[in-house]
Structure formats: C-alpha cells, structure tokens
Amino acid sequence: MKIALHAQLFPVAFGRLLLIIAIILFAKTLFSQDIDQLVKNLYDDDSMIQNEAFEALSKSDDPRATDALISALDSDGFGRSRDYYGLKAAKALSKKGNQVVDTLIFLMSQAETSTQTKKYSAYVLGESGDKKAVDILTATLNHKDWHTRLYTIEALGKIGDERAILPLFDGLSYSDSGDETAEVIGKLGDSSIVDTLIDIMLTGRSFERDNAAIALGELKDARAVGPLIQQLNDSKYFDNAAIALGKIGDPQAINPLLDALMNGEYNHVVKNAVIALGMIGDSSYVYNLIIATADNDSDIRDEIYKALGKIGNQEAKAFLTKSLSDKYYGVREIAVKTLDEINWEPEDKSQEAAYYAAKGYWDSCRNLGSLSVDPLIIVFQDNYLQDYKRNKAAETLAKIKDIRAIPPLKKALIDWDVNSAAIKSLEMLGWTPVTEKEKIYSMIAKKEGWKLRKDWNMTKTILFEDIASDDTKVIKNALFTFISIGKEEVIPELINILNEKGNKNTAEAYINCGNNKLKDAGILWAKNHSYRIVQHGGSSPTHWGAW
C-alpha cells in the first residue's frame, strides 16, 4: 500500500521540484542581467541613475558588483569627474564591510596600481577598521601624492593600532600632511612617546617642531607644559604650542597666554592665545578678554566671544547679553551665536527683545511691543547690515506704533538704500513732512519724480547742497536722485562731481545708468583711477529718467 501511494505522488513532487529549479535559474538569469545593467548605469549621464546604481551595487553580494566598484575607484569613464566618483565608489565599497579588505590590500601593494585607486583603497580600509590593513597603510605613508598620504593617515587613525605610531613619526616633517600625522600620533600614542615628542619639538626641523606640539596637545601630558610654554617665546611656533596648552588645560599656561593676549605683536599670536584661554576656561581672566574686544580686529573679537561663551560665568554672560545691543551687526551676530551655543535664556523681557532684534525675529519683536523699539532702532541704523533686514526693522517699528521710532526713520530719508521703507513706516506712524527738505526727501523716498520736477528749483537747490556735504550717504542719495529725474541740464555738474569726489560705486552707476555722457565720464574716471572695465559686470541702482 505504501509503495503504491508513493508511486502515485512521485510525478507530482518531481514536477514541483523541476518548477522550483526553473524559477531559481530564471531568477539568476534576471539578476545577472540586473547586475550588468547596474554596472552600465554607473556611467550614465543621469546622476540619479548613477546614484541608484552605486547604492544597489553596494548592497549586492555578487562579485561582479564589487569588481565594478573597485574599477570605479579610478575610471576614465567618469572623465573629469573621476575623482568625485572615485570617492563615491569608495563609500559604496565601505558598506561591504570586510569583504573587500584582502583585495584592496593586494591592490595597494602593487606598483602598477594607480595613485587614485590606492588613495581610495586607503579610505575603504580605514572605514573597515580591519587591523590586517595596518602594514600596507604604513608602507604607503611616504607616497609622493599628499592626498594619498592624508587618506592613509586618516585610515590609520580610524583603525587605531599602536603599530602605526613609529612609522607615523617620519611624517611629522611633511609640510602638507604633518599636522594630520601629529593628531593621529597623539590619539594613538601614550605617555611613552612624550619625551620623544618634546625632544623633536625643541630640536627638530621647522615643521617637525610645529607638528610635535600638535601631538603633545592630543596626548595632554603635564610633562609637556613647560616645553610648550618655552615655544611661546617664538612667534613662528606660537600657534600650535598655544593650542596644545589649551588642550592640556594646565593653569601654568594662563599667565604667558594672557601676556600674549595683551602684548602680542601679531594677530595670529593674539588670536591663538584667545583660543587657548577659551579651552582652559578659567573665569579669572574674563575681564581681560572683555577689555581685549575693544582693540582687536573682527576675527580676534569673534574668538574672544567664543572663549567667553566657553567660560560661561555670570560676568561673561552679562557681557555677551549686553553685546546683543551693539551698534555693529558683526558683534550682535557673534553674541547671538555664542549665547545660542551655551543655551542661554533671557532673564527678562528687555533681554528677550534685544535677542529677537539681533536674531531678526520680527514677529516676536512686534509681540513684545515698546520693549523692542530701541533694539530695532539699532538694527535699522546699522549701515553694514543687509538692506532687507533694515527694511524689516523699519516695518516692525511702524507696526509697534511707538513715536520714538520717528527720529531715526526721518534721518534715514537721505539713505538711498532704505528710504522707501523709512517713508512707509513714517506714514504708518502718522508723520508728515514740515520743512522744505523733509518734503523733498519724502518725494525722493516715494520716487515721485513728477513732484520733484514741479518744484525743480527747490529740488535742485537742496540736492546740490547735499552734494557739497562730506557725508557719502547724503551725496549718493542726491546723485542717484538727479539720475532718476533725468534732467539734461545737470549732466555737466554731475560729471564735475564724479571727477572731484567720485568713487568706484558712483562711476559704475554712471556707466550703467543709460546716459551716454555719464557713461563716457564714468569710463574715463575708471581708466584714470586704474579700474578695469568689465562688460556686463556692473549694475546701477537707478536709470536715467526712471522717474
């Protein structure tokens, strides 16, 4: 009975087996065709198709996918973009884990392997974290191509094997990759190499000394503090020594760094002293840092603000908060950024208003009402700020409806860049012009050329008086108004003004305003003042007769 039953079922089971085998073979054929297509897609002109191909091949276990990505590390098929796509291929290979390690180690060992393939193979080996790669990577540290050296150094740092330390030492003498080498040495090393690094720092060649200081900063060993302080005496080696002292954080470094802050002859010395003091983070010198903001350039000042933020005591926070109302947008900007980084919270509504104005949160300023008026006026009056933000400040002042905004808005009527916003806000506040000048300036702000022509004698008198002033903003407003009105009679005088007190911006405006006489005058002025005329490179804030 059993035998008969099996005999009956066998044909059915066998048929199913054949069907399964056929499906598998068909799927393999399709998959094989898919891999071939994906390889072709790597070189497609459509970047989306390329990206999909890289992603799909990175996930495939098919050996052809791996081979294709290895070939893409340095392929002529990518033309001038071969470097960009070489890195994409390396990142795709990195997703395959340790599958490709042996192959890439072999490739890096071959003399005929291209530099680019070696470079990106180093990247993949670093991402793998496989210690088998240490020997070939250390053998590549002296490669003639500095990009390849950098990728190799970074790879050794990611793998984190102490065997790389001694081979890395030779790289401290490279000017183009020595600092990266030093950082990796510092991360991989321990106290046993401190004395060697100190010796190199004090007696080695120029780049070796600088880079040894970087490594000592990474190691953070107290034995290096004295020698690093000694390095501060030479401005050539000051920067890296100062940063290393900042990373170590030993109080012994404070006084020599403060001396450099207050008496440094070079900006780079002062700047790096500030950075180091910020790293140490001692509240004892907050006042010194605050004082230093007054006498240094913007780069140094920015670093001082960052240092104060890192220290973060009450005195530092109070100064940063006060800086939200500084008249210069650069100071307000770095104050906001620093306070954001330390998660500062305003203590009252006044601080909140100053913060919102500096940040450009116009609706929040409006909601706070009259408390925002003074901070918004500061923003509006900052000539170095983008016109868009100044205009938004003017608009917000009008919406708050506080008459304290009227004087600064009136003053801005002679400012060509924001006078339109100023007059709109003034009218929203119920202001009307009283004097002849106020009337003329209002017409200019509203671009009412027909009214200015109607009262031409008064217009001309006031504008020529403005041109005779020493205020460049007032002169600019008058000149551009004359161009916008487009009266031929003023052309000779406009040319005289350009020759007597003109500047690059005025000459460029003349050249592009659409009046041939002014254009010729602008070109002549530019040539006489050694400016090169670039066709289609300039613009004009207005055009002849635009009103």
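A search for side-chain hydrogen bond (donor to acceptor under 3.5 Å, both in side chains) contacts involving Y285 returns nothing, not counting sequence neighbours. Qualifying salt bridge (charged side-chain N to carboxylate O under 4.0 Å, His left out) partners for K349, counting only residues two or more places apart in sequence or in other chains: E352. Partners of D239 under the side-chain hydrogen bond (donor to acceptor under 3.5 Å, both in side chains) rule, at least two apart in sequence or in another chain, are H268, N272. Residues passing the side-chain hydrogen bond (donor to acceptor under 3.5 Å, both in side chains) test with E55, sequence neighbours excluded: K59, K95. Qualifying side-chain hydrogen bond (donor to acceptor under 3.5 Å, both in side chains) partners for D302, counting only residues two or more places apart in sequence or in other chains: none.
In this structure, E341 contributes its side chain and G309 its backbone to no donor-acceptor pair below 3.5 Å. Using modelled atom types, one side-chain atom of S94 and one backbone atom of A90 make a donor-acceptor pair closer than 3.5 Å. Of the possible polar contacts, none joining the D221 side chain to the A224 backbone as a donor-acceptor pair under 3.5 Å is found. With hydrogens and angles disregarded, no donor-acceptor distance shorter than 3.5 Å links the side chain of E395 to the backbone of N391. No donor-acceptor pair closer than 3.5 Å links the side chain of S177 to the backbone N or O of Y174. A side-chain donor-acceptor contact under 3.5 Å links S372 to the backbone of C365. R149 places a side-chain N or O within 3.5 Å of a backbone atom of H143 that can act as its donor or acceptor partner. The backbone N or O of K96 sits less than 3.5 Å from a side-chain atom of Q99, completing a donor-acceptor pair. Listed for the S121 side chain is no donor-acceptor partner under 3.5 Å among the backbone atoms of L104. In this structure, the side chain of T113 does not engage the main chain of S109 through any donor-acceptor pair within 3.5 Å.
The aromatic rings of Y151 and Y123 sit perpendicular to each other, their planes meeting at more than 60°, with 30° as the lower class boundary. The aromatic rings of Y531 and W525 lie parallel to each other, with less than 30° between the two planes, well short of the 60° mark.
The aromatic ring centroids of Y355 and W344 lie less than 6.0 Å from each other.
Counting heavy atoms from C-beta outward, D374 and S325 have side chains that stay 4.5 Å or more apart. Side chains of L137 and M108 form a contact here, defined as non-hydrogen atoms less than 4.5 Å apart. Residues I193 and I185 have side chains in contact (heavy-atom distance under 4.5 Å, counting atoms from C-beta outward). Proximity of I159 to V134: side-chain heavy atoms (C-beta onward) are separated by under 4.5 Å at one or more points. Side-chain contact between F380 and V418 is present, with heavy atoms from C-beta onward closer than 4.5 Å. Two residues are said to be in side-chain contact when any heavy atoms from C-beta on lie closer than 4.5 Å; I70 and L93 meet this criterion. Side chains of F169 and L172 form a contact here, defined as non-hydrogen atoms less than 4.5 Å apart. Side-chain contact between L479 and Y510 is present, with at least one heavy-atom pair separated by less than 4.5 Å.
In terms of heavy-atom proximity, A357 sits nearest to V379 at O-CG2, 3.6 Å. Residues A241 and L228 share a closest heavy-atom pair of CB-O, 3.8 Å. Of all the heavy atoms in S350 and L371, the pair that sits closest is OG-CD2, 3.8 Å. Pairing each heavy atom of S173 with each of R205, the nearest pair is CB-NH2, 3.5 Å.
Here CE of M48 is found 8.0 Å from CG of N51. Values are rounded to the nearest 0.5 Å. Note: F207 CZ to D176 CG = 8.5 Å, rounded to the nearest 0.5 Å. Put simply, CG on L308 and CD1 on I304 are 7.5 Å apart, with the number rounded to the nearest 0.5 Å. K322 contributes atom NZ, which lies 9.0 Å from atom CD1 of I290 (distance to the nearest 0.5 angstrom). In this structure, CE on M262 lies 10.5 Å from CG on L257, to the nearest 0.5 angstrom. The line from CD of E345 to CG of L339 is 10.5 Å long, rounded to the nearest 0.5 Å.
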For Y329 and Q386, run side-chain hydrogen bond (donor to acceptor under 3.5 Å, both in side chains): C-alpha distance rounded to whole Å, both residues' side-chain angles, the deciding distance at 0.1 Å, then the answer. CA-CA 10 Å; Y329 87 94; Q386 301 99 314; over 6 Å; no
Please report the C-alpha distance between D199 and T196 in whole Å, then the side-chain angles of each, then the deciding distance to 0.1 Å, and finally whether the side-chain contact (heavy atoms from CB on, under 4.5 Å) criterion is met. CA-CA 5 Å; D199 183 59; T196 303; 5.8 Å; no
Carefully, step by step, assess L216 and M201 under the rule side-chain contact (heavy atoms from CB on, under 4.5 Å). CA-CA 9 Å; L216 288 167; M201 183 179 69; 3.8 Å; yes
For D282 and S284, what are the C-alpha separation, side-chain angles and deciding distance, and is it a side-chain hydrogen bond (donor to acceptor under 3.5 Å, both in side chains)? CA-CA 5 Å; D282 195 303; S284 64; 2.9 Å; yes
Check the pair L125, I105 against side-chain contact (heavy atoms from CB on, under 4.5 Å), reporting the backbone distance first and the verdict last. CA-CA 8 Å; L125 292 172; I105 288 174; 4.1 Å; yes
Checking Q230 against L202 for the side-chain contact (heavy atoms from CB on, under 4.5 Å) test, could you report, in this order, the C-alpha distance in whole Å, the side-chain angles of both residues, the deciding distance, and whether it holds? CA-CA 9 Å; Q230 185 178 333; L202 297 178; 4.1 Å; yes
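In this model, a donor atom of one side chain and an acceptor atom of the other lie less than 3.5 Å apart for S114 and D74. No donor-acceptor contact under 3.5 angstrom links the side chains of N419 and D415, judged on distance only. Checking Y305 against S323 by side-chain atom types alone, a donor-acceptor pair falls below 3.5 Å.
Between D382 and the choices K327, R332, R390, the salt bridge (Lys or Arg N to Asp or Glu O under 4.0 Å) rule is met once, by R332. The side-chain contact (heavy atoms from CB on, under 4.5 Å) with L219 is formed by just one residue from the set I214, V194, I248, L188; it is V194. A side chain to side chain donor-acceptor pair (under 3.5 Å) with K476 is found for exactly one of D471, T506, N505, D417, namely D417.
Contact check on D234 versus K236 returns no salt bridge, with no Lys/Arg side-chain nitrogen under 4.0 Å from an Asp/Glu carboxylate oxygen. Ion pair D297/K271 not flagged as a salt bridge, since none of the NZ, NE, NH1 or NH2 atoms sits closer than 4.0 Å to an Asp/Glu carboxylate oxygen.
For R223, the CZ atom is densely surrounded, since the number of other residues' heavy atoms within 6.0 Å is greater than 12. Residue K91 qualifies as open at atom NZ: its count of foreign heavy atoms under 6.0 Å is 12 or below. Counted within 6.0 Å of CG on D470, heavy atoms from surrounding residues, nucleotides or ligands total 12 or fewer; the atom is thus considered open.
For residues 116-134, every residue pair satisfying the salt bridge (Lys or Arg N to Asp or Glu O under 4.0 Å) rule, not counting sequence neighbours, is listed here: D83-K119, D102-K132, E127-K158.
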